[in-house]
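First comes the structure, then the notes that go with it.
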Amino acid sequence: MAPWGYSKENGPATWHKDCPIANTGVRQSPIDLITTGQTCAKYDSNLKPVIVSYPAFSEATFLNNGHSVQFQPSAGNLSELSGGPLTKKYKFEQFHFHWGNNDSEGSEHRVNGKMYPAELHLVHWNSESPNFSSFQEAVGSNDPHALCVLGFFLKVGAENASLKPITDLLSKVKNAGSSVSFPGKFDLKAVLPETLTDYYTYDGSLTTPPLAECVKWIVFKEPIEVSTAQMEAFRAVDDGHGKPITGNYRPPCPLHTRTVAASFK
Ligand SMILES: CCc1c(F)c(F)c(S(N)(=O)=O)c(F)c1F
Ligand SMILES: [Zn+2]
């Protein structure tokens, strides 16, 4: 079967063929985050702020893998995540983006049905588990919280100076399969909102094949602003079939018996 993607022929509705969990899973991601009514997110006063320790990365690869662009620091990176709903310390692995063809679509998670133009995912793995000692092992471990992904919505507004080094690099990885070593240092902390206090959290999965149900999701309420030009730069990245990636987001999945917790009222 042709490798998975986001077109009619190989998109989310076809993924079940190679990944049955796409249709049979009961904790699939993304989801629509509903804030009022029956199945709405429930305020949990025990949820603490998320704590990130992201020293500026000095060595990293920026890659267009045909279905997203991904920033991956070298193995030595010491960036860590803890706090929030987590009981363990997680190691940073990579970040990547999901976006759409216009400003009314592109994010994977939705809030009361509303999509944002893009979503940033910061991927981490549990570095204190006795069952695995690498990211790849964590993904294959079946541990319900092997990974923790921080999701940030992107909305169109002022230019984001902290993300400019990334969006300026997109033209250098226009072709699928291309990568560049990131020039200089990148300060990821500067991209994020100051306080990581207001978020939704729930148990879910990878949003791309293998769709493993091993992710503790933390999706922040406060969007990150980027300019129209920065959004357009994402839309010029190719998918490996000579076409731009114009929508690498999976539609929302059923909640089943899951509940979503909110750290804010
Ligand atoms: C296996 C590599 C990988 C992805 F390809 C991916 F799309 C995501 S996602 N969208 O759920 O954040 C991950 F977390 C992840 F670890
Ligand atoms: Zn993602």
Side-chain angles (χ1 to χ4, degrees), residues 3-6 10-12 15 18-19 21-22 25 27-33 50 52 60-73 75 77 79 81 86 90-100 105-110 115-127 129 132 134-154 163 166 173 176-177 179 188 191-192 199-220 223-224 234 237 239-240 245 247-253 258:
W4 63 271
Y6 293 92
N10 65 8
W15 291 353
D18 271 349
C19 274
I21 202 168
R27 52 171 286 185
Q28 289 288 290
S29 293
I31 60 171
D32 189 351
L33 300 159
V50 169
V52 293
T61 302
F62 193 55
L63 161 74
N64 169 355
N65 55 28
H67 42 262
S68 184
V69 289
Q70 177 178 299
F71 179 100
Q72 178 153 16
N77 105 78
S79 298
L81 161 69
L86 306 170
Y90 285 67
K91 272 197 186 314
F92 179 85
E93 175 68 16
Q94 50 106 324
F95 70 74
H96 62 272
F97 299 84
H98 301 264
W99 62 89
E105 60 182 57
S107 64
E108 296 216 289
H109 291 89
R110 306 183 187 193
M115 266 192 272
Y116 286 85
E119 188 170 329
L120 163 62
H121 287 160
L122 310 184
V123 182
H124 308 73
W125 59 280
N126 178 355
S127 61
S129 167
F132 46 80
S134 75
F135 169 72
Q136 289 304 341
E137 280 178 357
V139 173
S141 72
N142 272 326
D143 175 313
H145 300 145
L147 302 189
C148 177
V149 182
L150 305 186
F152 292 89
F153 295 117
L154 267 56
L163 264 179
I166 297 291
V173 290
S179 66
L188 177 58
V191 173
L192 311 185
Y199 55 84
Y200 304 95
T201 184
Y202 75 98
D203 288 351
S205 72
L206 303 183
T207 65
T208 70
L211 301 172
E213 296 187 326
C214 65
V215 182
K216 170 62 84 177
W217 274 96
I218 302 176
V219 180
F220 290 87
I224 294 172
F234 284 105
V237 170
D239 66 357
I245 298 174
N248 55 354
Y249 58 94
R250 188 190 190 190
C253 305
R258 290 177 287 179

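Just follow the structure's listing: the first ligand is 1, and inside any ligand the first atom is 1.
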message: What protein heavy atom lies closest to atom 3 (C) of ligand 1? Include the residue and the distance to one decimal.
response: Gln94 NE2, 4.0 Å

- prompt: ligand 1 and His98, any nitrogen or oxygen pair closer than 3.5 angstrom?
  reply: yes

message: Which of the numbered atoms in ligand 1 are under 4.0 angstrom from any heavy atom belonging to Phe135?
response: 16 (F)

Phe220 and Phe152 aromatic ring geometry - parallel, tilted or perpendicular at 30°/60° bounds: parallel

Pairwise side-chain contact, His145 with Tyr90, heavy-atom cut-off 4.5 Å (strictly under): yes

Sole residue of Gln72, His124, Gln136 in side chain to side chain donor-acceptor pair (under 3.5 Å) with Glu93: Gln72

task: Of all the heavy-atom pairs spanning Ala146 and Ser141, show the shortest one and how long it is.
output: CB-OG, 3.5 Å

query: Would a line drawn from the ring center of Tyr6 to the ring center of His98 be shorter than 6.0 Å?
result: no

The Zn ion (ligand 2) - name of the N/O/S atom of His121 that sits closest to it: ND1

query: Does some side-chain heavy atom of Trp15 sit less than 4.5 Å from a side-chain heavy atom of Arg250?
result: yes

- prompt: Counting only heavy atoms, which portion of Val123 has something under 4.0 Å from ligand 1: side chain, backbone, both, or neither?
  reply: side chain

message: I'd like to know if Trp217 contacts ligand 1, where contact means a heavy-atom distance under 4.0 Å to any ligand atom.
response: yes

query: Which heavy atom of the protein is the closest neighbour of atom 1 (C) of ligand 1, given with residue, atom name and distance?
result: Leu206 CD1, 3.9 Å

statement: Exactly one of Tyr116, Tyr249, Trp99 clears side chain to side chain donor-acceptor pair (under 3.5 Å) with Glu105, and that residue is Tyr249

- prompt: Going by heavy atoms in the side chains, are Leu154 and Glu119 under 4.5 Å from each other?
  reply: no

message: Side chain, backbone, both or neither: which applies to Glu93 and ligand 1 if a contact is any heavy-atom pair less than 4.0 Å apart?
response: neither

- prompt: In degrees, rounded to 10 degrees, what angle do His98 atom NE2 and His96 atom NE2 make at the Zn ion (ligand 2)?
  reply: 110°

- prompt: Heavy atom of Gln70 under 4.0 Å from ligand 1?
  reply: no

- request: Using distance alone, decide if ligand 1 has a nitrogen or oxygen within less than 3.5 Å of any nitrogen or oxygen in Thr207.
  value: yes

- request: For atom 8 (C) of ligand 1, grab the closest protein heavy atom and report residue, atom and distance to one decimal in Å.
  value: His96 CE1, 3.7 Å

- request: Would you mind reporting whether Leu188 and Val52 have side-chain heavy atoms less than 4.5 Å apart?
  value: no

- request: Say whether Thr208, considering both its backbone and side-chain N or O atoms, lies within less than 3.5 Å of an N or O atom on ligand 1.
  value: no

